[in-house]
K.L.:
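For reference, the structure I am asking about is given below.
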Amino acid sequence: QVQLVESGGGLVQPGGSLTLSCAASGIIFRQYAMNWYRQAPGKQRELVARITNSGSTNYADSVKGRFTISRDNAKNTVYLQMGSLKPEDTAVYYCNGVFGMNYWGQGTQVTVSS
């Protein structure tokens, strides 16, 4: 069965960095685009970054220049490198892919606070 498992969240000070990982199984990973979403308390889930199967990337305006999405097809893993973190980046971050239907990971908490 399809599984997406995120890791790498935690508490970080403003201005700090963090890298999230999402390991996929049950799919031919290299064939699919992958997404990172986030949901802050009281807010709707929003798309943060996307990487296509060919490696093209797109970012939400709020994270452009600070976040980088990448993938390692040999490891079936997608990454989200986050830098210059701000308190408003605090959210649960979710890995997502559409493999015939929409699949989500369990989410990983990122808290940016001093």
K.L.:
So if I apply the side chain to side chain contact (heavy atoms under 4.5 Å, CB included) rule between Leu11 and each of Val110, Thr90, Thr111, which one comes out positive?
P.N.:
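With Leu11 as partner, side chain to side chain contact (heavy atoms under 4.5 Å, CB included) holds for just one option, Thr111.
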K.L.:
Would you say Ile28 ends up clustered with Met101 if hydrophobic residues are merged whenever their side chains have heavy atoms under 4.5 Å apart, either directly or through other cluster members?
P.N.:
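Shared cluster, no.
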K.L.:
Flag the pair Gln39 / Tyr93 as yes when at least one side-chain heavy-atom distance between them is below 4.5 Å, and no otherwise.
P.N.:
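Gln39 vs Tyr93: side chains apart.
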K.L.:
Going by the side chain to side chain contact (heavy atoms under 4.5 Å, CB included) test, name the single residue among Val98, Asn96, Leu4 that passes it with Tyr103.
P.N.:
Leu4
K.L.:
Kindly compute the distance separating CZ (Arg38) from OG1 (Thr108), expressed to the nearest 0.5 Å.
P.N.:
14.0 Å
K.L.:
Do you reckon Tyr37 sits in the same ILVMFWY cluster as Ile27, going by side-chain contacts under 4.5 Å, direct or chained?
P.N.:
no
K.L.:
Just do the side chain to side chain donor-acceptor pair (under 3.5 Å) check on Arg50 and Asn35 with the steps written out, would you?
P.N.:
CA-CA 4 Å; Arg50 173 181 170 86; Asn35 308 304; 3.2 Å; yes
K.L.:
Could you tell me whether the side chain of Gln13 reaches within less than 4.5 Å of the side chain of Pro87, counting heavy atoms only?
P.N.:
no
K.L.:
Closest heavy-atom contact between Gln81 and Ser70?
P.N.:
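Smallest heavy-atom distance, with atoms named: OE1-OG, 4.4 Å.
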K.L.:
Could you tell me the separation between the CE atom of Met34 and the CG atom of Asn53, rounded to the nearest 0.5 Å?
P.N.:
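Answer rounded to 0.5 Å: 12.0 Å.
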K.L.:
Is there side-chain contact between Thr68 and Leu80, with at least one heavy-atom pair below 4.5 Å?
P.N.:
no
K.L.:
Between Arg71 and Arg30, what is the shortest heavy-atom contact and its length?
P.N.:
NH2-CA, 3.9 Å
K.L.:
Measure from the ring center of Tyr32 to the ring center of Phe99 and say whether it is less than 6.0 Å.
P.N.:
yes
K.L.:
Quickly, which of Phe67, Tyr94, Trp36, Tyr79 forms a side chain to side chain contact (heavy atoms under 4.5 Å, CB included) with Leu20? Name it, please.
P.N.:
Trp36
K.L.:
Looking only at non-hydrogen atoms, find the nearest pair between Ser17 and Gly83 and report the distance.
P.N.:
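Closest pair (atom of Ser17, atom of Gly83, distance): OG-CA, 3.8 Å.
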K.L.:
Do the side chain of Glu6 and the main chain of Cys95 share a donor and acceptor less than 3.5 angstrom apart?
P.N.:
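Checked: pair present.
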K.L.:
If the threshold is 4.0 Å, N to carboxylate O, is there a salt bridge linking Asp61 and Lys64?
P.N.:
yes
K.L.:
List the atom of Phe29, the atom of Val78, and the distance in Å for their closest heavy-atom pair.
P.N.:
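In this case the closest contact between Phe29 and Val78 is CZ-N, 4.0 Å.
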K.L.:
Got a second to check how far Gln3's CD is from Ser25's OG, nearest 0.5 Å?
P.N.:
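Separation between the atoms: 4.5 Å.
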K.L.:
Where is the tightest heavy-atom contact between Val12 and Gly16, given as atom of each residue plus distance?
P.N.:
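Looks like CG2-CA, 3.8 Å.
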